[in-house]
Engineer: 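Here it is, the structure, as structure tokens.
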Amino acid sequence: MHVVPPPTQRTDPLPGSTNGSDALRIYQTWKGSNKFFLQGRFIFGPDVRSLALTIFLIVAPVTLFCVFVARKLVDDFSHHWGISIMVIAIVFTFYDLILLLLASGRDPGIIPRNAHPPEPESYEGNTEGTPQLRLPRIKEVDVNGITVKIKYCDTCMLYRPPRCSHCSICNNCVERFDHHCPWVGQCVGLRNYRFFFMFVFSTTLLCIYVFGFCWVYIKRIMDYERTSIWKALIKTPASIVLVVYTFISVWFVGGLTAFHLFLISTNQTTYENFRYKYDRRANPYNKGVIQNFKEILCSPTPPSKNNFRTKVPAEPALPARTVSGGFVSPNMGKAADEIEMGRKAVWGDVGPVLDHHEGRLSENDGLNSKDGGLGEMSPEIRTTVDEGDHAGIHHRRSSWGRKSGNWEMSPEILALASRMGEPNRTGGGGSSNISRPSEPKL
């Protein structure tokens with residue numbers, strides 16, 4: 001019987017490490033869909049490439065503004081106020097890009113996954129041994145006097161805290177999950193919502209700034225050349241492009257800013273606003289407008305629960321479990337019906353499955369002559385077989401202990417069967433291993 005050897009553990013160290021056991025770090029074995037840069041110092045979403053488009057949509061119009069509009073306004077204001085127009089635009093753009101990086105390149109509040117499912121709560125008053133335990137799909141917790149339901153996450157193998165949700169794009173459970181923003185390329189959650197809101201708000205102000213000074217430049221052309229607005233627009237096509245671009249953009253980022261101002265004032269998230277509709281029932285997180293703004297914009301940012309640069313710890317061994325009981329996932333069904341679907345067996349259902357297969361084996365225990373068995377044999381052979389069974393010699397084994405598809409017999413039985421079957425084999429008898437002996441003549 002061939003036994004497959006267990007896989008050998010890699011002992012050679014990876015490049016840049018001194019020991020094979022400390023070669024990998026958390027960010028190198030991360031199970032989510034995130035992208036890491038600078039050896040785990042920055043974490044982005046899987047759609048991080050969209051961040052380049054966002055940066056281009058900010059930098060390109062500001063560059064056009066500084067070259068074709070702000071540079072022309074430098075000499076139109078006294079006491080060097082003209083140069084400040086360009087300086088403010090550049091500084092404000094860098095500030096906006098820093099907020100974008102803080103919102104997209106940091107941990108949004110990811111909850112670390114469990115290596116194993118949590119232990120289920122035991123049943124009280126049990127008198128029939130260990131019961132079959134099943135993790136409840138939903139639990140209820142109390143938040144500020146209001147009952148809130150929390151769900152079990154099969155991917156992360158944990159009960160999500162209140163206001164936590166699993167992002168299907170990043171494949172992580174995120175605390176105070178707001179939404180996944182494709183323009184930022186990251187989930188927006190507990191640790192980066194403040195920077196996301198400040199980024200959207202500052203982008204709105206930047207659009208208004210560029211839009212306003214473009215009209216200032218157009219008004220200067222109208223005053224100096226005493227011409228109409230249409231002729232002034234023809235003289236500065238860059239201003240026309242910037243006015244149209246910022247007017248369209250301010251509707252998007254300005255509307256988003258107004259929407260998030262409403263969410264902050266009521267202490268909601270985008271996910272909660274679209275799914276739960278707190279206007280129909282009490283919001284357990286609403287503390288009043290002033291306290292809500294203080295909590296979201298002025299409270300300290302909680303530390304990350306993940307150290308992506310630390311070394312991968314050794315996984316502890318699973319505790320031993322008895323066969324009489326066990327627990328299953330909330331989504332796991334019966335083992336007898338779903339064993340072919342790749343589901344794990346439930347301890348309580350293993351017994352009926354084994355009894356079912358043992359019953360099949362007991363029905364097929366008897367061997368007949370059609371299969372080359374001992375269904376029709378002489379009284380001498382049958383007596384020998386019965387004696388061997390009663391004496392405990394080569395007792396038939398069940399299918400759990402068989403090494404091959406045939407039943408083992410003692411050499412004495414095989415020798416006796418071959419001697420009595422010689423006449424039939426020489427005369428072209430059947431193909432059975434044990435030939436039927438000739439009938440005695442009367």
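Bear in mind the structure is a predicted one, so any value in this text is a computation, not a measurement.
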Engineer: Which residues pass the side chain to side chain contact (heavy atoms under 4.5 Å, CB included) test with K149, sequence neighbours left out?
Structural biologist: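 Partners of K149 under the side chain to side chain contact (heavy atoms under 4.5 Å, CB included) test: I138, E140.
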Engineer: Side chains of L261 and F293, heavy atoms from C-beta outward: is any pair under 4.5 Å?
Structural biologist: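 Yes, side chains in contact.
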Engineer: Using atom types as modelled and distance alone, determine if a side-chain donor or acceptor of Q291 lies under 3.5 Å from a backbone N or O of G288.
Structural biologist: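 Here the side-chain-to-backbone pair does not exist.
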Engineer: With the threshold set at 4.0 Å, does a side-chain nitrogen-carboxylate oxygen contact exist between K231 and E225?
Structural biologist: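 Salt bridge absent between K231 and E225.
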Engineer: Who pairs with E295 by side chain to side chain donor-acceptor pair (under 3.5 Å), at least two apart in sequence or on another chain?
Structural biologist: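 If we apply the side chain to side chain donor-acceptor pair (under 3.5 Å) test to E295, skipping adjacent residues, the hits are N267, K287.
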Engineer: Side-chain contact test, heavy atoms from C-beta onward, threshold under 4.5 Å: evaluate it for S168 versus H180 and give yes or no.
Structural biologist: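 No, too far: nothing below the 4.5 Å cut-off.
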Engineer: Indicate the atoms forming the closest heavy-atom contact of C167 with C170, along with that distance.
Structural biologist: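 Minimum heavy-atom separation between C167 and C170: SG-N, 3.4 Å.
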Engineer: side-chain contact (heavy atoms from CB on, under 4.5 Å) for I296 and F197? Distances and angles first, verdict last.
Structural biologist: CA-CA 10 Å; I296 296 174; F197 172 75; over 6 Å; no
Engineer: Could you point out which residue of C173, P112, C164 forms a side-chain contact (heavy atoms from CB on, under 4.5 Å) with C156?
Structural biologist: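 The residue from C173, P112, C164 that satisfies side-chain contact (heavy atoms from CB on, under 4.5 Å) with C156 turns out to be C173.
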Engineer: Can you tell me which residue among T246, V244, L242, V250 is in a side-chain contact (heavy atoms from CB on, under 4.5 Å) with F211?
Structural biologist: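 Output: one option passes, namely T246.
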Engineer: Quick check for you: to the nearest 0.5 Å, what is the distance between F36 atom CZ and R25 atom CZ?
Structural biologist: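 Here the interatomic distance stands at 13.5 Å.
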Engineer: Does the R191 side chain pair with the main chain of D107, one donor and one acceptor, at a distance under 3.5 Å?
Structural biologist: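 Between the backbone of D107 and the side chain of R191 there is a qualifying donor-acceptor contact (under 3.5 Å).
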Engineer: Is any side-chain heavy atom of Y159 closer than 4.5 Å to one of P136?
Structural biologist: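 Yes, side chains in contact.
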Engineer: Under the 3.5 angstrom rule, does the side chain of R163 hit a backbone N or O of E175 as a donor-acceptor pair?
Structural biologist: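 Side chain of R163 to backbone of E175, a donor-acceptor pair under 3.5 Å: no, none is there.
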Engineer: Kindly say whether L206 contributes a backbone atom to a donor-acceptor pair with the side chain of D96 at under 3.5 angstrom?
Structural biologist: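 No; zero donor-acceptor contacts below 3.5 Å.
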Engineer: Nearest heavy-atom pair of N286 and S265: which atoms, and what distance?
Structural biologist: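 Here N286 and S265 meet closest at OD1-O, 4.2 Å.
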Engineer: Would you say F92 and S202 make side-chain contact, with heavy atoms under 4.5 Å?
Structural biologist: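 A side-chain contact exists here, since the closest heavy-atom pair is under 4.5 Å.
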Engineer: Can you list the residues that meet the ring-ring contact (aromatic ring centres under 6.0 Å, His included) rule with F213, with sequence neighbours excluded?
Structural biologist: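 Scan of F213 (ring-ring contact (aromatic ring centres under 6.0 Å, His included), adjacent residues dropped) gives Y209.
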Engineer: So do the side chains of L100 and L51 get within less than 4.5 Å of each other, counting heavy atoms only?
Structural biologist: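 Side-chain contact under 4.5 Å: yes.
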Engineer: Please name all residues satisfying ring-ring contact (aromatic ring centres under 6.0 Å, His included) with F37, sequence neighbours left out, ordered by chain then number.
Structural biologist: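 With sequence neighbours excluded, F37 shows a ring-ring contact (aromatic ring centres under 6.0 Å, His included) to F44, given in chain and number order.
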Engineer: Just checking F259: does its CZ atom have more than 12 heavy atoms from other residues, nucleotides or ligands closer to it than 6.0 angstrom?
Structural biologist: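 Yes - once you tally the heavy atoms of other residues, nucleotides and ligands closer than 6.0 Å, there are more than 12.
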Engineer: As a quick check of understanding, evaluate side-chain contact (heavy atoms from CB on, under 4.5 Å) for I110 and I43, giving each step before the final call.
Structural biologist: CA-CA 11 Å; I110 300 175; I43 174 175; 3.9 Å; yes
Engineer: I need the K31 NZ to N171 CG distance, nearest 0.5 Å.
Structural biologist: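 It comes to 10.5 Å.
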Engineer: Taking the six-membered ring of Y217, is NZ or CZ of K72 closer than 6.0 Å to its centre and within 45° of its axis?
Structural biologist: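 Geometry flag: not set, cation outside 6.0 Å or 45°.
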Engineer: For W30, does the CH2 atom have more than 12 heavy-atom neighbours from other residues, nucleotides or ligands under 6.0 Å away?
Structural biologist: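 Correct, the count exceeds 12.
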Engineer: Does T204 reach the main-chain N or O of V253 with its side chain, forming a donor-acceptor pair under 3.5 Å?
Structural biologist: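 Yes: the side chain of T204 pairs with the backbone of V253.
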Engineer: Could you check whether any side-chain N or O of N192 sits under 3.5 Å from a backbone N or O of A103, counting only pairs where one atom can act as donor and the other as acceptor?
Structural biologist: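 Yes, because the side chain of N192 sits within donor-acceptor range (under 3.5 Å) of the backbone of A103.
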Engineer: Under the criterion side-chain contact (heavy atoms from CB on, under 4.5 Å), I'd like the reasoning laid out for M86 against L73: C-alpha separation, chi angles, the key distance, then a yes or no.
Structural biologist: CA-CA 9 Å; M86 182 182 297; L73 292 174; over 6 Å; no
Engineer: Test your reading of the model: is there a side-chain donor-acceptor pair from S33 to the backbone of P46, 3.5 Å cut-off?
Structural biologist: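 Here the side-chain-to-backbone pair does not exist.
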Engineer: Between R220 and T236, is there a side-chain heavy-atom distance shorter than 4.5 Å?
Structural biologist: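 Contact flag for T236/R220 side chains = no.
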Engineer: Could you tell me the separation between the CH2 atom of W183 and the CG atom of L256, rounded to the nearest 0.5 Å?
Structural biologist: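 Here the rounded value is 11.5 Å.
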Engineer: What's the spacing between I98 CD1 and F199 CZ if we round to 0.5 Å?
Structural biologist: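 Between I98 CD1 and F199 CZ, I get 12.5 Å after rounding to 0.5 Å.
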Engineer: Give the minimum heavy-atom separation between P161 and I111, together with the two atoms involved.
Structural biologist: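 Distance-wise, the nearest heavy atoms are CD-CD1, 3.3 Å.
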Engineer: Out of curiosity, T203 OG1 to I58 CD1, how far, rounded to the nearest 0.5 Å?
Structural biologist: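 Between T203 OG1 and I58 CD1, I get 4.5 Å after rounding to 0.5 Å.
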Engineer: With distance as the sole test, does Y245 use its side chain to make a donor-acceptor pair with the main-chain N or O of L57 at under 3.5 Å?
Structural biologist: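 The answer is yes, because a donor-acceptor pair under 3.5 Å joins these two groups.
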Engineer: Give a yes or no on whether the backbone of K151 and the side-chain of R137 come within a donor-acceptor separation of less than 3.5 Å.
Structural biologist: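 No: the side chain of R137 does not pair with the backbone of K151.
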Engineer: Using the test ring-ring contact (aromatic ring centres under 6.0 Å, His included), find all partners of F201 that sit at least two apart in sequence or belong to another chain.
Structural biologist: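 Scan of F201 (ring-ring contact (aromatic ring centres under 6.0 Å, His included), adjacent residues dropped) gives none.
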Engineer: Any side-chain heavy atom of V62 sitting closer than 4.5 Å to one from C66?
Structural biologist: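 Sidechains of C66 and V62: in contact.
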Engineer: Do P237 and F68 have side chains that get closer than 4.5 Å, going by heavy atoms?
Structural biologist: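 No, too far: nothing below the 4.5 Å cut-off.
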Engineer: Looking at every heavy atom in both G45 and N34, which two are closest together, and how far apart are they?
Structural biologist: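 Heavy-atom minimum between the residues: CA-ND2, 4.2 Å.
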Engineer: Short question: side chain of D178, backbone of T269 - any donor-acceptor pair under 3.5 Å?
Structural biologist: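 Side chain of D178 to backbone of T269: no pair is present.
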Engineer: Show the nearest heavy-atom pair for residues C187 and F177, with the distance to one decimal.
Structural biologist: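 That closest heavy-atom pairing would be SG-CE1, 4.1 Å.
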Engineer: How about F56: does its CZ atom have over 12 heavy atoms from other parts shown lying under 6.0 Å from it?
Structural biologist: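 Check fails, neighbour count at 12 or below.
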Engineer: Nearest 0.5 Å, what's the OG1-NZ distance between T29 and K311?
Structural biologist: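 If we round to the nearest 0.5 Å, T29:OG1 and K311:NZ are 14.0 Å apart.
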Engineer: Between W215 and I229, which heavy-atom pair has the shortest distance, and what is it?
Structural biologist: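 Closest approach of W215 to I229, heavy atoms only: CZ3-CD1, 3.8 Å.
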Engineer: Excluding sequence neighbours, so at least two apart, what forms ring-ring contact (aromatic ring centres under 6.0 Å, His included) with F196?
Structural biologist: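 If we apply the ring-ring contact (aromatic ring centres under 6.0 Å, His included) test to F196, skipping adjacent residues, the hits are H179, H260.
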Engineer: Under the criterion side-chain contact (heavy atoms from CB on, under 4.5 Å), I'd like the reasoning laid out for M157 against Y152: C-alpha separation, chi angles, the key distance, then a yes or no.
Structural biologist: CA-CA 7 Å; M157 292 186 290; Y152 178 81; 3.8 Å; yes
